[in-house]
Amino acid sequence: VNPNKTLRLILTVSVLFAAAPTWAAGADLTFDRYHRPEELAAALQDMARANPGIAKVHLLAKSPGGRDVALLEVGPETSKSTKTLPAVFVAADMDGVVPLSSEAALYLAKLVLEKADMRTDKTWYFLPCGNPDAASLYFAKPLRRDSRNAKPINDDKDDAVDEDGPEDLNGDGLITQMRVKDPEGEWIPIPGQPRLMKKADWTKGEKGIYKLYTEGLDNDGDGQYNEDGPGGANVGVNLPQMFKYFASDGGPWPGSEAESFALMKFFDAHREVGLMFVFGEASYCMAPPRGGRRGEADLNQIKIPERFATYFGADPNRNYTMAEVIEMVKPFVPPGVEVNESLIASFLGLGGAVNPMDDDLKFYKEFSDKYKEFLKTNKLDAKRLDPAPDKDGSVELWTYYHLGLPTFAMDFWTLPEPKEEKKADEVTPEKLEKMTNDEFIALGEDKINAFLKSSGAPDQFKAKQVIDMIKGGKLDTKKMAEMIKQMPKPPSAEGMDPKEKALIAWSDAELGGKGFLDWKPFKHPTLGDVEIGGTVPFTDNTPPAKVIEPLLKGQVPWAFELAKNMAHIKIADAKVKALGAGVYEVKVWVENTGTLPYPTAMGKRNQRVLPVILTLEGPGVQIVDGKKRSLVPSVAGHGTAAVTWLIRSEKPVKVEIKAETQIAWRDARTLDLGGVK
Amino acid sequence: MRKHATIGLLLFLFAAVLPAQKTAVTMPLRFDAYHTLDQVYESLTALNQAFPNLTTLEVVGKSEEGRPLYVMTVNNPKTGPAADKPAIYADGNMHGNEIQGGEICLYLLDYLLGNFGKNPEVTRVLDKTCFYVVPVVNVDGRYHFFADANTSSSNRGLRIATDDDNDGLVDEDFPDDLDGDGNICLMRRRDPFGAYKTDPEDPRLMVRVKPGEKGEWTILGEEGIDNDGDGQINEDSEGYVDANRNWGFDWAPPYVQSGSGDYPFSGTAIKALGEWTVAKTNICIGWSFHNNGGMFLRGPSRKGLGEYPPQDITVYDYIGRESERVMPGYKYLISWKDLYTTYGDSVEWLAQIIGAYAYCAEVYQTETETHHDMTSKIEMGGEKTAGGQDISERERIKYNDNVVQGELYKPWKPFKHPAYGDIEIGGWVKMSERLGPPFTIKDLVHRNAMAVIFTAKHVPEVSLEVTEVKPIAKNLYRVRTRLANSKAMPTMSYLAQKTNLYPKDMLKVAGAKVVAGGVLNDPFIDLVAYKKYKPEIQFLFVPGFGKVEHEFLVEGRGPVTISYESRHAGKLTKTVTLE
């Protein structure tokens, strides 16, 4: 690619889109095709125009490609800059390669506008396309899949920028793959399915035949193909939690991109967001967010450094749990200071959390079970490939770990799982989950070994060892089933990648073979005789347009179920007791009527979500004991917390009790001291 | 009598340093008092006007309260544009109260400019390098440090309103200057159950009571009242977002490390400065001036980042140990190991994202406030006074009395406190503890500035030599080159090479067809590592005090241009004729 030409093309294309007439009005919105980022932004503007007073558009940023990062706000407080109601934020297509997720966000926005009861007591923020530059590639020719925005980056660190991108050599409008016979080739066609390739396994006597390349030329003659195409950073992995520095496509630092920086700034300014949805390829609804990462902080194995150990009377060589450390430190802290996980973690420099908190996994598990029932009811529970794992640096990790928000990643389609006859007596993780430890051990070593192998467990992981661990109490069937579910599926016997197998089956059955191209010969200027073919970009995550609406109709409304379960703080009861001489004891109970906790366990740890703030005021009322602003740091789902004041009042006045939160509503109650005996 | 006289003198002195006072900036700059923010701005303008050819003054961003963040570039345009020379970056006063950094930066500018063309060493340095100097990073902080009542440690953060005590209100309970003297001092209350008693050696000081002794005083903390009536005093003052925890590299949220801000680069001027440094690809070395303790710190800032490559440590050690000699008493140390762990600080940013060698200097040692020989440490004995940290407070109060005539300490004075009743206010004033008295400024700024200039003498300096042009067949020539670096720093840090941070140096041959070319590993046995593709462009770096040689087989006749281009060592060109 000539870089100047590419730039000119990008500019021309942007100008064309900018000049395109505004697209159909909000009411006419249909979900029978995928919409370009520009159309999505225009749709938001139309919705705002069609719903004055309850909808408005925020332009968060301009992408490096000159596209708007547009956000739609819907709710009763659009005209207010400071919100009193909590908000739900829906971010979609942060990776820019999941067109279906943008449609889902738009679909949800339309539903919310149509359902008045869903927007009377909360604000909704919709960001249907968080990465518009990348998202535009789905609509461009030739078709290629790339999560990076349009910022020029010198990928190969040579003397030119964006000088060697892919080319559509065979003119079919697609960037696919090239395979070329090469003495140093590592790939071979899979026996029985020669359209698919696998890496030759020398232990099986296989020898590589082909080298694989992305379709294109070596534009800068450096011996590498398509190593520095247009594109900068993937906005979807440019956020701070577990951000990967010096990776090829995540940007140089978290928030280096205008799109992601604007998002962080928005969340700082909008502390009313209490529930987060991230529409894309990952899902916290199909299964709870994964854990098991090795981090700096293991809260159950804390070592007290020597210099503190003497002071606290601890043994520097021993491991302590967080609870033990809290108890150890308490006597040394001045009265009034709460010793919590956050204080300890910060004081001992334990580093950040890298795994979901156990208490949060409880609600994730519960909602995941319910989601599966929901899908069953909507007849969308057919077996499909697992959603993609959440990515380091993603929005969902950031809003959960740093902001402490209940965050639900959602995906809406993966390839159907190809049908396979399983032997009736074969063990599966699902069966394993329901087995007792004894039942499992009773299967015998052979069956257990076969199960471990088919689950892709590491080779050194043998039945004998597993049985010993179960007997020793280190493992149980439940834990094991969970571990196995998170393991990547092993290639099937003939060496096929399960995803490719599903793709080719899908392509043949549903797309008339258009999702996977047969290898066709081509004369390449530098590589000579090559064949071009392989997976058509987006086949694995973007179903045909005709299924968009049914998929969204049966899945998107789950957002309402979760929104109904947001933490909701109310004053449950308030009682006054006259103690004589104008002194009263006032006791107030606040409750959380939602299933989601206030805040999440992660929110408790990171303390970004404010406590419930309880105030008591009345004319001439003096607080004898208790605080003017009482802070209740947390209220469990369907839980209660109490606050007591001693007050003094000359006259039997009315006192106003208020419970305030930013993300879980607010409540007030008046107490009449006159009516008290 | 003496007591009253001291109070009178103190009041007089404080009236004199209140911010309303404005002294005209004169050239050369004077370093016998600390400059207010306005005086820093005026000084920069004056330097810029006095040396219009050598300086560029640029506003790179605005603070939260709208104050400009200035960078001054010093470059001799006669020897080339700034971007083509190795650059030395220095900043100061990232923490609002750590004002010496601003003074050191101003002094560095003043010294370089004033001595250019006069002192041959300085002239040589400025002919070969350029300087990017940011005297005050936390402009709001410096402004408020001078303008408001403070301790020597307060007003450190950025002016990003933050809810420190999680009560839904922001910055609602600052310390209060109860006696209106411009300082936030200590409050104490007479209390027979207190943990302190009057120091038998100096009635102004307090010592901890021993078991069995009767107490006399309870220390109530910094001067202030409970502004928001929550039962806590001074618990939510400015920010707190720490400008030196808010940078984009290895940032961690506030629950991991307090003061990091809600997200990386949430400080507007910090973001602007960070992005500005990214655009300056020629920064070889970075200095960040803080107070106090007398330390030259290098990264890593966190153990988990892993140690720097050994070749880089050689460079750090060389410069660090020489700097210890320039600034006697200071220690060259490793940040995470010898001080504490930090996330998202500027020095790690400079090392990892900019690819510079970077030092954080913690200037000023309280130990120097003594009657004794400056280099020997004072032993404290078993007793610790209330305000004594690592030096006897008794020693410092004598210094206060006899060396600076009571400027540093405010004797206790009764006050009626709304919550505590009869209390006393007194102790060390704002301009003490972390800040040396004015007469010591000159020595401090000079030596630290000289450490910066020392490093400027060790940025890479590369020469390009064509060592051979030899015909080997008809129209085919063997051309050999040598790039040699006469300084300690390599042309690219080993850390930057490890992370593939930016394109390496390039050596290009133009004007004829390069048939083959590569690194000449051994000129005697002609051992060449040929580059398979595009031999006319070689990517390389030149090690400190080292060389790299290349060999090209060139087809053609006539002039051939050989050019070298490096982010950290400038550009060089040689033309040879094939004949």
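Chain letters run A, B, ... following the sequence lines, proteins first and then strands; every chain starts at 1. This one's a predicted model, so the numbers in the text were calculated from it and none came from an experiment.
Between A:L610 and B:D163, the shortest heavy-atom contact is CD2-OD2, 3.3 Å. Of all non-hydrogen atoms in B:D230 and A:K627, the two that sit nearest each other are O-CE, 3.3 Å. Here the closest non-hydrogen pair linking A:N606 and B:Y255 is CB-CD2, 3.3 Å. When all heavy atoms of A:P240 and B:P264 are compared, the pair lying nearest together is CG-CD, 3.9 Å. The minimum heavy-atom distance linking B:N166 with A:P611 is given by the pair O-CD, 3.1 Å.
Interface residue B:K534: backbone and side-chain heavy atoms are both found under 4.5 Å from chain A. Of the two parts of A:F243, neither the backbone nor the side chain holds a non-hydrogen atom closer than 4.5 Å to a non-hydrogen atom of chain B. Contact annotation for A:D220: both backbone and side-chain heavy atoms come within less than 4.5 Å of a heavy atom of chain B. Contact annotation for A:N154: only side-chain heavy atoms (C-beta onward) come within less than 4.5 Å of a heavy atom of chain B. Neither the backbone nor the side chain of B:T341 comes within less than 4.5 Å of any heavy atom of chain A.
Between A:Y245 and B:F249, the ring planes lie tilted relative to each other; the angle falls in the 30° to 60° range. A tilted orientation is assigned to the rings of A:H402 and B:W251, their planes being inclined by 30° to 60°.
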Full working for side-chain contact (heavy atoms from CB on, under 4.5 Å) between B:K508 and A:D159: CA-CA 10 Å; B:K508 293 184 188 174; A:D159 59 333; 4.2 Å; yes
### Message
Go through it in stages, so that I can follow the logic: the residues are B:K498 and A:F246, the test is side-chain contact (heavy atoms from CB on, under 4.5 Å), and I'd like the CA-CA distance, side-chain angles, deciding distance and then a yes or no.
### Response
CA-CA 10 Å; B:K498 194 173 141 192; A:F246 312 114; over 6 Å; no
Practice problem: Could you please spell out the steps behind the ring pair (Phe, Tyr, Trp, His ring centres under 6.0 Å) verdict for A:F267 and B:Y263? | Solution: CA-CA 10 Å; A:F267 274 84; B:Y263 53 96; over 10 Å; no
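Between A:W253 and B:W247, the distance from one ring center to the other does not fall under 6.0 angstrom.
The pair A:R629-B:D228 fails the salt-bridge criterion, with no side-chain N (NZ, NE, NH1 or NH2) lying under 4.0 Å from an Asp/Glu carboxylate O. Classification of A:R271 and B:D262 as a salt-bridged pair holds, one side-chain N sitting under 4.0 Å from a carboxylate O.
Contact count against chain B (heavy-atom pairs under 4.5 Å) is highest for A:D222 among A:D222, A:I623, A:I613, A:L403. Between chain A and the residues B:E565, B:Q352, B:K531, the most heavy-atom pairs under 4.5 angstrom are made by B:Q352.
With a 6.0 Å radius and a threshold of 12 heavy atoms from other residues, nucleotides or ligands, A:E617 has its CD atom at or below the threshold. Within a 6.0 Å radius of NZ in B:K571, no more than 12 heavy atoms belonging to other residues, nucleotides or ligands are found. Atom NZ of B:K303 sits in a sparse spot, with 12 or fewer heavy atoms from other residues, nucleotides or ligands closer than 6.0 Å.
Without hydrogens or angle criteria, B:Y533 side chain to A:Q224 main chain gives no donor-acceptor distance under 3.5 Å.
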